Structures are given as C-alpha cells and as structure tokens.
Amino acid sequence: MKLSKKNLEGRLDHVYDAIVVGGGAGGLSAAVYLQRYRLSSLVVEKGRGRSFWMQELRNYLGLPPETPGRTLLQQGQSHLQSVGGDYLSGFVEAVEDEGETFAVTVKIGKTDPIYPVFRSKYLVSASGIIDHLPQLEDQQNVFDYAGYNLHVCMICDGYDMADQKCGLFVNSEAAIHTAFVLNWFTPYITVFTQGLCEVGQDMRDKLKAHGYPLIETPLKRFVGQNHHMSGVELTDGTTVDLETGLISMGSHYYNQYLKGLDLDWKGGNLVTDGMCRTSHPRIFALGDLKEGLNQVSIAVADGTLAATAIWRDIRRSAPPRLWEE
Ligand code: FAD
Ligand code: FAD
Ligand code: FAD
C-alpha cells in the first residue's frame, strides 16, 4: 500500500520483516521478492535518485535499450503494490540498532515534515549514490545534457560513445586515468579539469603521448540543443566541439543514516558477502551502495539474493506449519 502522512496508523506499531531504504532498481527488486516470500516489507524512497535520472537503460536484457529508468521505477512500484508491499515517499534520516529490531526514522514532507519511526527485523540498504556533476553558474545548463549524451557511466554508455569526439570531465588527477580505459571505445578524447586539480608532469606527458588534449580553463557552459550536447564554451570565450561527453567526478554516497552503525566499509561502499549481507548479520546492502559494479542488472540480482537470505533466516527460526483442522 502507498503510505503517506495520513495513513500511517497501524504501521507504527507493526514490526516489518524488512525495511528497504531506497526504492530504485535494487530496493524494488528486494521488496518484490520479500513480499513473494510472504514477508512484510516497507520501501522508503526520497525521489530523484540515480535510476530516476537514467534517461535510457541500454543494456538490460529483455527491455528495449531506450527504456527510461522512470519506466522501470513505475513498473516496479506497481509490481510491489500488486504483491502487497508498503511504499512511502520519504527520506530515511537515521537507523538505530535496538538489538532485535531496527528503529528507522523517516522524514516525510519537505515543508512541515513529520518524523515517524518505523521498526523492522532486517534492514536492506539500497540507497545508492549520485554522480557529482560540473558546477556551473547556470546549473540548468548542465542538467539539460547530463544523462543524455553527456554520460556518467562508461560501462552503461561506452558503446554509444564509440569513435566519437568525447570530452572527459574530471576533478582530480586520479580521474584522468579514466581516459586510458575510455580509449577502448574512442581515442578522440579531450580532458577537461576545469582547473579543479593539479596535473603532474608525468600525467601531462602521458596524455601528450596519447594525443589527448588537456584543457584546464574552467567551463562557462555546455553548448547544444534538445538535450544533445555538441561542445563546450570555456570562460576565456573559446569553444571546443564535441560529439559526446563523460563525467568522471566521483559520487555522493547515500549512506549518512548508517553512520552510527558498526559496519565494514570500502570507501563509501558497504562490503558484503555473496548474498549481499554486510558485516552486520541483519543488514544487507545492494546495488551501487555496495562494493561492485554499478549496473541495474546487478542491483536487481542483489535484491533477489538479499531477500532470499532474509527469508532463509526467518523461515529457519520459525516453527513448522502443521496441517491442523
Ligand atoms: P538507485 O537506483 O539509485 O536507487 C537508490 C534509491 O535510494 C534512489 O532512488 C534514491 O532516491 C534513494 N535514496 C537515497 N537515499 C535515501 C534516503 N536516505 N531515504 C530514502 N531514499 C533514499 N545502469 C545500467 O545498468 N545501464 C545503463 O544504461 C545505465 N545508465 C545510466 C545512466 C545514467 C544517467 C545514470 C545516472 C545511471 C545509469 N546506470 C545505468 C546506473 C544505474 O542507474 C544504477 O546502477 C542503478 O540505478 C543502481 O540501482 P540501486 O538500486 O543501487 O540505486
Ligand atoms: P536530496 O539528497 O534528494 O535531498 C536533500 C534533502 O532534502 C535531504 O537531506 C532531506 O532532508 C530532504 N528530502 C529529500 N527528499 C525528501 C523526501 N521525499 N521527503 C522529505 N525530505 C526529503 N537535478 C535536477 O534538479 N534536474 C535535473 O535535470 C537533473 N539531472 C541530473 C542528471 C544526472 C545524470 C545526475 C547524476 C543528476 C541530476 N540531477 C538533476 C540531480 C541533482 O544533481 C540532485 O543530486 C538530485 O536531484 C537530488 O536532489 P536534492 O538536491 O533534493 O537532494
Ligand atoms: P537457461 O535460460 O536455461 O539457458 C540455457 C540455454 O542453454 C537453454 O536455452 C538450453 O536450451 C541451452 N543449452 C543447453 N545445453 C546446450 C548445448 N550443449 N548446446 C547449445 N545449447 C544448449 N526464474 C525466475 O527468476 N522467475 C520465475 O518466475 C521463473 N519461473 C520459471 C518457470 C519455469 C516453468 C521454469 C522451467 C523456470 C523458471 N525460472 C524462473 C527459472 C529460470 O528459467 C532460470 O533460472 C533461468 O532461465 C536461468 O538462466 P540461464 O541462462 O542460466 O539458463
């Protein structure tokens, strides 16, 4: 059922089998499986996550390659509803481990918010990440192209950049190394640092040896129309023609609510076992938030694994069901 400020009654003294933080690809998959295992689940989704900004899901078997992430989300939400899962638009602020249960504080509503606390036996962290984008005076100019032909994921979109003139937008010297992987797809790479980092002589020499121009002048704006970026204008007034772009500026990890818990991390990612269980036996992590490949196919499979592991735990500790008249 879709929950809101108005119909929380009964849900606040219910202990869910699992609360799923994040209703993207991984979270919705986990919740559908949980419900089909006849467990009770609540998905909390803040909105505007990574799969929401995915304009085309290009490599998911069984779906046309132009399927937008929003279609996946809508389909997932109605699927979840059809199997009786709870779904709430809200932002998970904090999680407290109470021993047998987790207390999950959710902010509902951006204006006049309320902060109800929900409880569950298991926690599934599927809150993902969001890519850092270049920050320009007119941020809408960046949004006009980001996720279209100004890509953020080489694995997703390298194929579509093949042999095109590509701008690589970075904010650290380490990220420039992306050029030497991206060149599998296209060698026509221009690196833009926007002056955000120092570039050492070795890296300059390496770029030169590959023939990849390095531009350190900050960007004024992206040029193009109808979400198709065709170049950049720099703050010194010069323009550079491009056919595509890749942003490689790191990510924000949606893991703040987990910070009070004792978990194994690798950078911003959670470390898990083969069933997506973290170092805490009742916390699972899926998709982009866990260590591994950031792909829809992986997040969806992670949801399957986590839900199955949770079902096994709960089933094994439950009394047998007897055929009683
Ligand atoms: P998400 O789908 O990001 O879901 C996490 C959800 O958690 C979000 O909806 C977010 O709003 C929510 N959330 C975060 N914090 C909180 C909180 N505190 N409380 C409540 N909710 C919260 N992958 C592919 O496989 N193929 C592609 O072609 C492809 N193209 C892409 C193109 C773009 C432009 C982008 C940005 C990504 C693309 N990806 C692609 C990557 C894909 O979107 C991710 O790998 C996938 O969505 C990961 O699923 P997830 O469930 O881990 O995270
Ligand atoms: P959030 O982290 O979502 O929210 C900030 C705070 O608001 C939270 O800490 C919480 O306190 C509160 N909050 C959030 N959701 C809720 C809720 N449901 N209930 C109660 N409180 C809540 N952005 C655009 O605006 N337009 C674009 O066209 C655009 N395109 C993008 C393309 C790509 C490829 C990428 C990667 C990102 C894009 N963005 C775009 C995303 C943008 O950069 C933000 O990261 C994203 O939308 C998160 O929004 P936010 O600022 O509200 O932050
Ligand atoms: P397959 O999809 O079986 O592909 C292997 C292929 O290899 C087959 O097409 C076979 O013909 C071919 N092959 C085998 N040997 C050779 C050879 N020597 N030379 C050439 N070709 C060969 N899963 C779900 O997730 N959800 C469901 O609801 C679901 N329902 C199911 C219902 C039924 C009736 C069945 C039978 C299965 C169902 N499954 C379901 C399971 C699902 O079909 C499998 O998990 C999935 O297909 C496994 O994918 P695969 O690629 O490993 O194997």
Side-chain angles (χ1 to χ4, degrees), residues 15-45 49-51 54 57 59-63 69 72-73 75-87 92 95 97 101-102 104 120-129 153 155-156 251 253-255 257-258 261-318:
V15 176
Y16 287 97
D17 289 309
I19 290 177
V20 181
V21 186
L28 287 169
S29 167
V32 165
Y33 270 86
L34 286 163
Q35 289 298 127
R36 289 185 58 93
Y37 287 131
R38 307 184 72 189
L39 299 172
S40 68
S41 66
L42 165 67
V43 172
V44 186
E45 165 58 45
R50 205 163 182 239
S51 47
M54 178 169 62
L57 168 52
N59 49 14
Y60 195 87
L61 190 74
L63 293 178
L72 194 80
L73 295 176
Q75 173 59 33
Q77 286 167 26
S78 52
H79 192 170
L80 177 62
Q81 200 153 1
S82 75
V83 289
D86 280 351
Y87 184 95
V92 172
V95 172
D97 184 358
T101 53
F102 293 105
V104 178
S120 64
K121 296 177 193 159
Y122 285 79
L123 187 78
V124 178
S125 275
S127 41
I129 63 174
C153 167
I155 296 174
C156 312
S251 312
Y253 292 77
Y254 289 117
N255 58 16
Y257 61 95
L258 293 168
L261 301 162
D262 182 23
L263 294 165
D264 276 357
W265 296 92
K266 189 164 182 192
N269 288 119
L270 282 158
V271 177
T272 67
D273 70 8
M275 294 300 278
C276 300
R277 200 188 297 260
T278 67
S279 55
H280 187 305
R282 288 180 296 112
I283 301 180
F284 288 76
L286 316 180
D288 290 0
L289 192 60
K290 81 169 214 315
E291 208 186 339
L293 277 184
N294 292 347
Q295 290 287 286
V296 172
S297 56
I298 304 289
V300 167
D302 285 349
T304 307
L305 294 170
T308 304
I310 292 170
W311 173 52
R312 280 183 192 152
D313 279 8
I314 292 178
R315 173 171 53 80
R316 285 173 184 165
S317 64

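All figures in this text were calculated on a predicted structure; none of them were measured in a lab.
Rounding to the nearest 0.5 Å places CG of Asp273 at 11.5 Å from CG of Asp264. The line from CG of Asp288 to CD1 of Ile129 is 4.5 Å long, rounded to the nearest 0.5 Å. Atom CZ in Arg315 sits 10.0 Å away from atom OG1 in Thr308 (nearest 0.5 Å). Taken from CG in Leu263 to CG in Asn255, the straight-line distance is 10.0 Å, to the nearest 0.5 Å. The line from OH of Tyr33 to OG of Ser41 is 14.0 Å long, rounded to the nearest 0.5 Å.
Remark: the Ser125 side chain and the Tyr254 side chain contain no N/O donor-acceptor pair separated by less than 3.5 Å. Looking only at atom types and distance, the side chain of Gln295 has a donor-acceptor partner in the side chain of Asn59 under 3.5 Å away. Neither side chain, Tyr253 nor Ser127, offers a donor N or O lying under 3.5 Å from an acceptor on the other.
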Do any side-chain atoms of residues 16-23 form donor-acceptor pairs under 3.5 angstrom with protein atoms, and if so which ones, sequence neighbours left out?
unit_1	atom_1	unit_2	atom_2	d
Tyr16	OH	Arg11	NE	3.4
Tyr16	OH	Asp86	OD2	2.5
Asp17	OD1	Lys121	NZ	3.2
Asp17	OD2	Ser40	N	2.8

Audit row: Ile283, Phe102, side chain to side chain contact (heavy atoms under 4.5 Å, CB included) steps and yes/no:
CA-CA 10 Å; Ile283 301 180; Phe102 293 105; 3.4 Å; yes
Given Val300 and Tyr60, is the side chain to side chain contact (heavy atoms under 4.5 Å, CB included) satisfied, shown in steps?
CA-CA 10 Å; Val300 167; Tyr60 195 87; 3.4 Å; yes
Evaluate Gln77 against Tyr87 for side chain to side chain donor-acceptor pair (under 3.5 Å), listing each step before the verdict.
CA-CA 8 Å; Gln77 286 167 26; Tyr87 184 95; 3.1 Å; yes
Starting from the C-alpha separation in whole Å, work towards a yes-or-no answer on salt bridge (Lys or Arg N to Asp or Glu O under 4.0 Å) for Asp313 and Arg282.
CA-CA 9 Å; Asp313 279 8; Arg282 288 180 296 112; over 6 Å; no
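Residues Leu34 and Trp311 are not in side-chain contact: their nearest non-hydrogen atoms beyond the backbone lie 4.5 Å or more apart. With a 4.5 Å cut-off on side-chain heavy atoms, Val296 and Ser51 do not count as touching. Contact annotation: the side chain of Arg312 approaches that of Met275 to within less than 4.5 Å [non-hydrogen atoms, C-beta and beyond]. Side-chain atoms of Cys153 and Arg50, non-hydrogen and from C-beta on, do get closer than 4.5 Å to each other. Looking at heavy atoms from C-beta onward, Val92 lies in side-chain contact with Val104 at the 4.5 angstrom threshold. No side-chain heavy atom of Leu270 sits less than 4.5 Å from a side-chain heavy atom of Phe284. Here the side chains of Asp97 and Leu123 are not in contact, with every heavy-atom distance at 4.5 Å or above.
In plain terms, the two heavy atoms of Leu286 and Ala306 that are nearest each other are CD2-CB, 3.6 Å. Shown here for Ala309 and Arg277, the closest heavy-atom pair between the two residues is CB-NH2, 4.1 Å. Taking each heavy atom of Val271 and Glu291 in turn, the nearest pair found is CG2-OE1, 3.8 Å. Minimum heavy-atom separation, Ala31 to Val43: CB-CG2, 3.4 Å. Taking both residues in full, the closest heavy atoms of Ala126 and Gly26 are given as CB-C, 4.4 Å, listed atom of the first, atom of the second, then distance. Closest heavy-atom contact between Ala30 and Ala307: O-CB, 3.6 Å.
Considering Thr278, Asp302, Thr272 in turn, Asp302 is the only one that fulfils the side-chain hydrogen bond (donor to acceptor under 3.5 Å, both in side chains) rule with Lys290.
Taking the six-membered ring for Trp, Tyr122 and His280 have ring centres at least 6.0 Å apart.
By the neighbour-count criterion of 12 heavy atoms within 6.0 Å, atom CZ of Arg36 is sparsely surrounded, having that number or fewer from other residues, nucleotides or ligands. Tyr257 OH: more than 12 foreign heavy atoms inside a 6.0 Å radius.
For Ser29 (side chain) and Ala25 (main-chain N/O), no donor-acceptor pair under 3.5 Å exists by modelled atom type.
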